[in-house]
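What follows is one structure encoded as structure tokens, with my remarks underneath.
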2 protein chains.
Amino acid sequence: MDATPRWLTPEQKAAWDSFIRMQEKLIGRLSRRVQADSRMSPADYLVLAKLTESGDGRMRFMDLAKLVEWEKSRMSHQVGRMVKRGLVAKEDCPDDGRGAFVVATPAGHEAIAEAAPVHVDHVRRLFVDALTQDELDTLARLSDRVVAHMEKQPD
Amino acid sequence: MDATPRWLTPEQKAAWDSFIRMQEKLIGRLSRRVQADSRMSPADYLVLAKLTESGDGRMRFMDLAKLVEWEKSRMSHQVGRMVKRGLVAKEDCPDDGRGAFVVATPAGHEAIAEAAPVHVDHVRRLFVDALTQDELDTLARLSDRVVAHMEKQPD
DNA sequence: ACCTTTTGGTTGACGCATCAACCAAGCTAC
DNA sequence: GTAGCTTGGTTGATGCGTCAACCAAAAGGT
């Protein structure tokens, strides 16, 4: 016989389906909102947020990639597009010949400053307000557990 | 003064960050796995699953779109790609001149039959096994609440 | 009958994510 | 010093999701 059953139990499947549905609806709606309100993609938002949070709005390419847990290719494409839109600039790194810094431009700072409160409002409206603080804590705990569990798993 | 505070409380932000992180890691990993194991995208998987679950592997285009909560454009592109890969076919509908059916081809049936158990294993391994059934139930309840709350919200 | 709206579906352009291949600079060890 | 690995980063192809515009058939109203 199989080491693991072939299918999920009905209760397990119900939980999975509920979670997936919520997640898709929430993320979808949120990213359409951020796009509509600010002409930025969620990726733009994330990158600018991390960049400006961290002191002087200037970070090593790979540090940034690790911070948001992206692979370098994704970051490279993303930064490329953002450069084209004037949100960030690249500077090369004096101590490492191959390295690069990513720097938020004034336009980038402006964009994130304008977008952040609106984004937070949507997060609150769609997600935070749906649950009590206790429930939010519970959800955070469960999320952390899932992440910890995944990190132990191969791939 | 503002009706709503400009930022989230630290506890709210912590919950949001945990959830987002988990969600991204989980969905990302899962969709890379399904792609690697079965040469299908998660979208392919979903469409074929719904199509073959529902009786004879044949469904009206819009019914299918509503079932998975996609807009028609997305479904149209998706079905187009799947036709090209031989997973489904389109047939026109006799009673409605503009309508179309989407039908799973034999190759489509085969593909989903092969992919489903592997997919379920990954869901179990990465998600279900991380939590107890009680916790899964809790998560499902909270997810449903968030969805219900979103459905009351504009946009 | 005619006109309008709704429904069913396609299309094209664009931005984003992934994969694989690649290149150059630095590091290690011999 | 030089061979080989690792790290930092780019590039191009391909598939996916969104938006907006569009078309045709079907309903509904008068």
Send over the distance from [X] [atom1] to [N] [atom2], rounded to a whole Å.
X	N	atom1	atom2	result
A/Gln35	C/dC14	CD	C1'	10 Å
B/Arg29	C/dT18	CZ	P	13 Å
B/Asp92	D/dA25	CG	P	12 Å

Practice task
Specify the residue among A/Lys90 and A/Arg98 whose closest nucleotide of DNA chain D lies further upstream toward the 5′ end.
Solution key: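 Its nearest nucleotide lies further toward 5', so the answer is A/Arg98.
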Problem - Side chains of A/Phe61 and A/Val79 in contact at under 4.5 Å (non-hydrogen atoms) - result: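 In contact.
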Exercise for the section: Side-chain contact test, heavy atoms from C-beta onward, threshold under 4.5 Å: evaluate it for B/His149 versus A/Leu131 and give yes or no. Expected result: no
Practice task
For A/Thr105 and A/Leu87, indicate whether the former's side chain and the latter's backbone hold a donor-acceptor pair under 3.5 Å.
Solution key: yes
Handout entry: A/Arg74 side-chain N/O to D/dG9 phosphate OP1/OP2 under 4.0 Å
Key = no
Exercise for the section: Please check the phosphate of C/dG15 (OP1 and OP2 only) for any side-chain N or O of A/Arg81 closer than 4.0 Å. Expected result: no
Problem - 5′-ward residue of the pair B/Gly99/A/Lys72 relative to DNA chain C - result: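 The residue closer to the strand's 5' end, by nearest nucleotide, is B/Gly99.
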Completion exercise
The answer to which of B/Asp63 and A/Asp96 contacts DNA chain C further toward the 5' end, by nearest nucleotide, is B/Asp63
Practice task
Among C/dC19, D/dC19, D/dC16, find the nucleotide with the atom closest to the side chain of B/Asp44.
Solution key: D/dC16
Exercise for the section: Output the single nucleotide from C/dG9, C/dC19, D/dG8 whose closest atom is nearest the side chain of B/Met62. Expected result: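 Selected nucleotide: C/dG9.
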Practice task
Could you walk me through whether B/Leu48 and B/Met40 pass side chain to side chain contact (heavy atoms under 4.5 Å, CB included), step by step?
Solution key: CA-CA 10 Å; B/Leu48 276 177; B/Met40 286 199 289; 3.7 Å; yes
Practice task
For B/Ser41, report the nucleic acid contact type (base, sugar-phosphate, nothing); a contact means any heavy atom under 4.0 Å.
Solution key: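 Sugar-phosphate: the residue B/Ser41, judged by heavy atoms under 4.0 Å, touches backbone atoms but no base.
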Practice task
Pick base, sugar-phosphate or nothing for B/Arg39, based on heavy-atom distances below 4.0 Å to the nucleic acid.
Solution key: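 No contact.
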Exercise for the section: Over 60° means perpendicular and under 30° means parallel, so classify the ring planes of B/Phe19 and A/Phe19, tilted if in between. Expected result: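 Rings of A/Phe19 and B/Phe19: perpendicular, over 60°.
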Handout entry: Check: A/His77 side chain, D/dG12 base, donor-acceptor under 3.5 Å
Key = yes
Practice task
Tell whether A/Ser73 reaches the base of D/dT11 with its side chain through a donor-acceptor pair below 3.5 angstrom.
Solution key: yes
